[in-house]
Each structure stands twice: as C-alpha cells, then as structure tokens.
Amino acid sequence: MAIRQTMTRGDWALLATLSALWGGSFFFNSVAGRALPPFTLVSLRVGLGALILLSLLRLTKQALPGHWRVWRVLFGMGLINNVIPFSLIVWGQQQVPSGLAAVLNATTPFWTALVVHFLTRDEKLTAAKLAGIAIGVVGVAVLIGPSVFLDLGSHGLGEFAILLATLSYGFSGALGRHLPRLGVAPMTAATGQMIAATTMMVPLALVFD
C-alpha cells in the first residue's frame with residue numbers, strides 16, 4: 001500500500017486535534033491516578049472509547065469485522081497500542097511529573113520511525129525525518145518549559161516505563177499497516193481495537209487492582 005507523502009489541510013486539522021487530546025491525557029492521568037489504580041483507570045479509558053466508537057459505528061451503519069484473521073490483528077493492536085502503553089504511562093506517571101511524561105512521550109515518532117525502518121520496505125529512516133523528530137521533541141520541551149529537564153533521571157523506573165510505552169506505540173504503527181490490506185476501514189479498525197483492549201484490560205483490573 002502506497003504511503004502518501006504530503007498532508008492536506010484536513011490532515012493538519014486532525015493532527016492538531018489529536019495532539020490536543022493526546023497531550024491533555026497526561027494531565028488527566030496525573031489527576032485521576034491519585035484516586036484510581038492503574039489498570040482500573042486504563043479499563044475505564046478504553047471502555048469509554050469502545051462505547052463511543054461502537055455508537056458511531058452503528059450510526060454510520062458500519063459493521064464489525066467477522067473474520068478471525070482481522071480480529072487477530074485487532075487484538076494485537078489493542079495490546080501494543082493500548083493495553084501495554086496506557087498501563088505503563090499511567091503507572092509511570094505515579095512517579096514522573098506530567099510535563100516530563102509528555103516530553104518523554106514525544107519521542108514516540110523516533111521509535112516508530114526506527115521500528116518501521118527495519119520492518120517495512122517503503123518507510124526508511126532519513127536525515128530529514130530525524131531532524132523533524134528532533135525539532136518536534138524540542139518544541140514540546142520549549143512549550144512545557146526548560147525546567148522540565150531538572151527532573152530528568154530522578155524517576156528512573158517511571159521514566160523507563162514511559163519510554164517502553166513509546167516503543168510499544170512504534171510496533172503498533174508497523175502492525176497497523178496490515179489492517180488496510182485486510183480491507184478494514186479506519187473507523188472499524190479503531191472500534192475493534194478498543195473492544196479488544198477493553199476485553200484484555202477488565203480482567204487485569206479485576207485481578208490486580
């Protein structure tokens with residue numbers, strides 16, 4: 001499947017919306033994490049997402065996939081794009097300030113570019129991509145404030161957990177390329193992924209929280 005190399009205005013608008021929602025999650029994780037155990041918090045997050053997306057899927061009269069091969073990929077996506085990274089980030093934020101967590105999470109494009117470089121043929125890492133990623137990480141740090149780096153290294157396990165989460169996101173980017181090849185529409189893929197993640201998270205919350 002060919003990769004589009006340019007972005008439209010609509011793409012930029014969606015990216016800005018995603019950035020606001022994704023960036024804001026660190027603040028809400030920090031607040032909610034004081035009252036809820038990690039697995040319970042993640043279960044509520046993916047469960048709510050699954051309900052919203054399932055409602056949208058029904059409104060648009062789309063159906064969930066029925067073939068086991070598709071669900072195998074969806075469960076894989078739910079695991080490495082939701083269950084593992086969300087749990088690691090929520091746990092890590094019990095030790096790491098939300099600002100530093102956001103900067104660490106901003107390294108996700110680097111790990112994604114590195115993973116797809118080795119696992120795909122048409123998305124190789126280039127100097128221009130590395131420069132763009134570096135500018136993005138620096139931009140996040142500037143927006144949050146240079147003081148965020150004063151805490152860098154003082155929360156070893158928490159910081160490592162968040163970095164592992166970003167690596168997990170990288171692998172999900174490579175795995176997600178299989179869904180269009182299987183004929184799965186984006187809305188259907190997102191809904192199935194959230195259902196799969198909820199199915200995995202609820203037992204973890206019941207057992208460990």
Side-chain angles (χ1 to χ4, degrees), residues 1-26 70 72-89 92-93 96 98-149 151-153 156 158-190 192-193 197:
M1 182 177 177
I3 301 298
R4 188 153 50 88
Q5 300 295 329
T6 59
M7 292 180 63
T8 65
R9 292 181 179 179
D11 293 332
W12 282 108
L14 289 172
L15 183 61
T17 303
L18 176 61
S19 299
L21 294 172
W22 198 7
S25 68
F26 292 96
V70 177
R72 182 176 63 181
V73 177
L74 290 175
F75 268 85
M77 287 291 294
L79 179 65
I80 62 177
N81 196 48
N82 300 109
V83 172
I84 292 176
F86 286 6
S87 299
L88 286 171
I89 289 172
Q93 280 199 256
V96 179
S98 56
L100 180 57
V103 173
L104 293 173
N105 188 70
T107 64
T108 296
F110 168 74
W111 299 112
T112 302
L114 189 64
V115 169
V116 299
H117 173 81
F118 289 105
L119 297 183
T120 66
R121 295 181 179 180
D122 57 346
E123 288 194 73
K124 297 302 180 183
L125 195 59
T126 64
K129 288 181 179 179
L130 281 174
I133 293 168
I135 291 171
V137 174
V138 171
V140 172
V142 169
L143 287 172
I144 295 174
S147 61
V148 70
F149 292 107
D151 292 321
L152 186 61
E159 293 172 19
F160 183 65
I162 294 172
L163 287 175
L164 279 181
T166 64
L167 179 60
S168 186
Y169 283 136
F171 280 101
S172 74
L175 180 61
R177 289 168 56 94
H178 291 286
L179 291 169
R181 295 168 184 166
L182 293 171
V184 184
M187 178 68 75
T188 304
Q193 177 183 317

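Atoms considered below: every heavy atom in the structure, side chains included; atoms not considered: hydrogens, waters and symmetry mates. These numbers come from a predicted model, not from an experiment.
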Query raised in the report: At what distance, to the nearest 0.5 angstrom, does CZ of Arg72 lie from CE of Met77?
Result: 14.5 Å
Report task. To the nearest 0.5 angstrom, please state how far the CG atom of Leu163 sits from the CD atom of Glu159. Result -> 7.5 Å
**Report entry** Interatomic distance, Asn105 atom CG to Leu100 atom CG [nearest 0.5 angstrom]
**Finding:** 11.0 Å
Query - Considering all heavy atoms, the nearest Val73-Leu182 contact - result: CG2-CD1, 3.8 Å
Query raised in the report: Is there a side-chain contact between Val115 and Tyr169 (heavy atoms, below 4.5 Å)?
Result: no
**Report entry** Validation row: Phe110, Thr166 side chains within 4.5 angstrom (heavy atoms)
**Finding:** no
Query raised in the report: Once you round to the nearest 0.5 Å, how far does CG of Leu119 lie from CG of Leu114?
Result: 9.5 Å
Report summary line: Minimal heavy-atom distance between Ala101 and Val96, with the atoms involved, is N-CG1, 3.8 Å
Requested in this report: Using modelled atom types only, decide if a donor and an acceptor are shared between the side chain of Ser168 and the backbone of Leu164 within a distance under 3.5 Å.
Outcome: no
**Report entry** Nearest non-hydrogen partners of Ala106 and Pro109, listed with the distance
**Finding:** O-CD, 3.1 Å
**Report entry** Inter-residue atom distance Thr112.OG1 - Ile133.CD1, 0.5 Å rounding
**Finding:** 8.0 Å
Query raised in the report: Hey, what do you get for CG (Leu88) to CZ (Phe160), rounding to the nearest 0.5 Å?
Result: 9.5 Å
Report task. Could you tell me which non-hydrogen atom of Ala174 sits nearest to which non-hydrogen atom of His178, and how far apart they are? Result -> O-CD2, 4.2 Å
Query raised in the report: Does Lys124 reach the main-chain N or O of Phe118 with its side chain, forming a donor-acceptor pair under 3.5 Å?
Result: no
